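Here the structure is a predicted model, which is why all the values come from computation and not from measurement. Note on naming: letters A, B, ... go to the chains in the order of the sequence lines (proteins, then strands), and numbering restarts at 1 for each one.
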2 protein chains.
Amino acid sequence: MNPPDRPERHGATQSSLREHNLGLVARTVGASGRPITRADVAHLTSLTRPTVSRLVDDLIAARVIVELPTAPTEGAGRPGIPLAPASGTLVALGLEVNVDYLGGVVVDLTGAILAARVEPRDLRASEPAAVLADLKHLATGLAARATAAGASVVGAGIALPGLVDSDGSRLRLAPNLGWRDIDPRALVNLDDLGPAPIVANEADLAALAEASLMRSTDPAARSFIYVSGEIGIGASIVLGGVPFRGRHGWSGEIGHMRAQAGGPPCRCGSTGCLEVFAGTASIAAAAGIDTANDGADAMGAVRAAAEAGDDAAVAAIRRAGAALGAVLADVVNLLDIPMIILGNRYASLATLLEPAIAEALTARVLSAPWAPPAVRPALSGERSAMIGAARSVLDTVLADPAAWMARTAPRA
Amino acid sequence: MNPPDRPERHGATQSSLREHNLGLVARTVGASGRPITRADVAHLTSLTRPTVSRLVDDLIAARVIVELPTAPTEGAGRPGIPLAPASGTLVALGLEVNVDYLGGVVVDLTGAILAARVEPRDLRASEPAAVLADLKHLATGLAARATAAGASVVGAGIALPGLVDSDGSRLRLAPNLGWRDIDPRALVNLDDLGPAPIVANEADLAALAEASLMRSTDPAARSFIYVSGEIGIGASIVLGGVPFRGRHGWSGEIGHMRAQAGGPPCRCGSTGCLEVFAGTASIAAAAGIDTANDGADAMGAVRAAAEAGDDAAVAAIRRAGAALGAVLADVVNLLDIPMIILGNRYASLATLLEPAIAEALTARVLSAPWAPPAVRPALSGERSAMIGAARSVLDTVLADPAAWMARTAPRA
DNA sequence: CGGTATTTGTTATATGGTGTAACTTATCGC
DNA sequence: GCGATAAGTTACACCATATAACAAATACCG
């Protein structure tokens, strides 16, 4: 997602120039929510109109963007031809393995979901090879459907619930699956689907999906903390639209930051971890909700109980919110990223958790008087990790369309 | 230091190409510890020899790099001409205001300190306008000396002990100086010394100096946490050689992260802050060292006492180390940056603090079994913030030598 | 209803930076 | 002293963008 500390970059040649501008035009068309003309792109990028025209022609030929039927005109002068990212031409697969399901989506450059398939299944203590073989089966099925519909599959991304090395070569540990030291790429083996799949942590990819949704609503907010509530608690630190993964790719382990002195021991071996107070299992237990059979909707039950005035549920949420707030205050003091997104299972609890979180933040964040941190539920829903996985693949095309064009037409 | 969330970048033209490669060559020569030839640069950058030659000629004309007398040759073939950053030609001023002194250095592209001047002075509760006027006086004196020696001053950087907005336009709060809401650029007014000076937090600039020192010893380690011990405790998060400043420029406030529940109240109004347990004033007090008259060397006295076996001093250091370790464990869990540099007043205590810090880190950092975090005293010494301030200005020249060349020869 | 202003998109040409190939220069090894 | 080898330079081709001029399509105005 981001490169590890690289020593020094490469020299730029004329073709790098072209690649750069090609990507710039593609991203400019893609990022601007509504269709824009070649002239608009020229203004936005400070490139000249002839240059933009040339680049746009190539991108149209590569099926990255399309010309729309000329819209109802306005103002003087010749009306421009609206351009938009192509829909249904280039697509990516977003796959995910999680505790209680396994699934995949097909997403195109507009962000539309062309196909989806989710198989609920209890994957606690499962066999990695078998599960990932099933995932491959699911993926090839989706890919076949997409190509049948005339789309080209540019690649696949895989979201996993655990510590993934930053280059995606290795899943070190997935506590809830009971997996350890897996090579996901070898086991899924999607070599026929283009380049090596992107493999990353589920929270980071969900955050990426959130980032592209936020780009439409609030283009200024390109950095935030995405908190993913589950049995464990993960976070993704998004800087300028890109998750920051750390030295090895293991950043964001806020579940084991200290929330409170003492308390029951955490399964990590330490005490006082946030997870003990604000993990979904812990919230459910404190609220007196049975979580054994129906983990997915336990938070819905807690919410319902709390809204009905159940004391245990209210107290459980308050305790979780206070713990989250204490930890997040430290995070904001450390990073000065005053925007917190509550995602995954937390999304439905967000309005209830907010008061306690906000209270802790205003009490402890040094800069709160000048710039009070914002706390918000995630915009993206259930399948955000899969969507983010696909998005991350499509982003590589948008970042360097020339590479994709070279791949698709090596007939020179 | 790093830009705030920018919406979208500019289109690249042929001159951007040139600027990029000019900077790349300059940085390649500058970063490689020892002199290298044009052919070496070509190999390292993947540019061709003719291109490198052209760029090098321009950089020599601009006095950014120089040809050295041809060295004792080795191996077959025509010996190359060694290139190195020019010494004494282009220099930057690094200035600093801190609690008990005010000073400046003149640094050239090789990192050599050509001149320095430090005036000890008690600046607690001082008058900003008067102090910064004195700083301007000091700066112009240093600049005059530099130009008299034949150097061109490319600009100035100013290090301040407080919350500085990320664009350097405003010092929000410097608790130890008693300053609040200052426009440092207007008050220092160094307009005749090139472009607007870079203004930033003292810890961030010291970290930058540390980063360039580490580049020589360990080029792989481009990301680390620099902890600056003082009455307050600041930190700079260096990612890929660049301090990360956060949304407003106020990142790194670890002094007010929670170290321990309860404890005496912090002057920030909260309780349990790290500063209460590990700030230098607090360490000195706990060790029973009088800090009133001689704050600068109080840590030396604590160290001496601890090494002599004084119980109070040993306990004070142990308490501070445990608190630091607890907070830093959270930081490493959050960011996965397993390298911690103890700087400023902590540097001399580092060997004594390390055991307690390391103990807390191994106990609480999730990834410690795979990748134990490293804890190290800072390499850079007393004047690191000033040096970093100058360095940051010189880095702008290295990043874009074309801009400097345009400034110096606008005779077209 | 026709002419003008205005803006989009295209075409033709100029500019400029890098790559390629060949050449010159300088050293080593025999 | 001669060939091998590598550094640096020169001459030229290539290619991407800028500039300028032009064609096309609409609105505005008399």
Side-chain angles (χ1 to χ4, degrees), chain A residues 9-25 29 35-61 65-83 400-402 405-406 412, chain B residues 9-25 29 35-61 65-83 400-402 405-406 412:
Chain A
R9 54 257 112 205
H10 269 286
T13 149
Q14 301 212 121
S15 31
S16 346
L17 214 177
R18 186 119 217 285
E19 286 158 24
H20 175 105
N21 284 338
L22 213 46
L24 178 61
V25 170
V29 173
I36 53 178
T37 69
R38 291 170 172 79
D40 292 335
V41 174
H43 284 125
L44 288 169
T45 59
S46 77
L47 292 166
T48 61
R49 292 205 311 277
T51 303
V52 171
S53 273
R54 244 193 73 136
L55 296 168
V56 163
D57 289 346
D58 288 0
L59 289 172
I60 289 175
I65 63 181
V66 287
E67 292 187 336
L68 297 182
T70 169
T73 124
E74 39 137 310
R78 167 179 172 177
I81 305 167
L83 302 169
D400 185 5
M405 289 156 68
Chain B
R9 53 261 110 202
H10 269 287
T13 150
Q14 299 213 123
S15 31
S16 346
L17 214 177
R18 186 120 217 284
E19 287 159 22
H20 175 105
N21 284 339
L22 213 45
L24 177 59
V25 170
V29 172
I36 54 177
T37 69
R38 290 170 172 80
D40 292 336
V41 174
H43 285 125
L44 288 169
T45 59
S46 77
L47 292 166
T48 61
R49 292 205 310 277
T51 302
V52 170
S53 273
R54 245 191 72 139
L55 295 168
V56 163
D57 288 346
D58 288 0
L59 290 171
I60 289 175
I65 64 182
V66 288
E67 292 187 335
L68 297 182
T70 168
T73 124
E74 36 138 313
R78 169 176 171 177
I81 305 166
L83 301 170
D400 185 4
M405 288 156 69

Phosphate oxygens OP1/OP2 of [N]: is one of them under 4.0 Å from a side-chain N or O of [X]?
| X | N | value |
| --- | --- | --- |
| B/Ser53 | D/dT9 | yes |
| B/Asn21 | C/dG17 | no |
| A/Thr51 | D/dT17 | no |
| B/Arg18 | C/dT18 | yes |
| A/Arg78 | D/dA27 | no |

request  = To the nearest 10°, let me know how far the axis at one end of the helix from C/dG9-D/dC22 to C/dC30-D/dG1 is tilted from the axis at the other, five pairs an end.
outcome  =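 Rounded value for the end-axis angle: 10°.
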
Looking for any heavy atom pair under 4.0 Å, which part of the strands does [X] touch: base, sugar-phosphate only, or nothing?
| X | value |
| --- | --- |
| B/Arg49 | base |
| A/Thr37 | sugar-phosphate |
| B/Pro50 | base |
| A/Thr48 | base |

request  = Return yes if the base of C/dG16 and the side-chain atoms of B/Gln14 contain a donor-acceptor N/O pair under 3.5 Å, otherwise no.
outcome  =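 Such a pair exists between side chain and base.
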
key: Check against side-chain contact (heavy atoms from CB on, under 4.5 Å), A/Thr70 and A/Ile81   = CA-CA 5 Å; A/Thr70 169; A/Ile81 305 167; 5.8 Å; no

task = For the pair A/Thr37 (side chain) and A/Asp40 (backbone), establish whether a donor and an acceptor sit closer than 3.5 Å, ignoring hydrogens and angles.
result =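 Confirmed, A/Thr37 side chain pairs with A/Asp40 backbone.
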
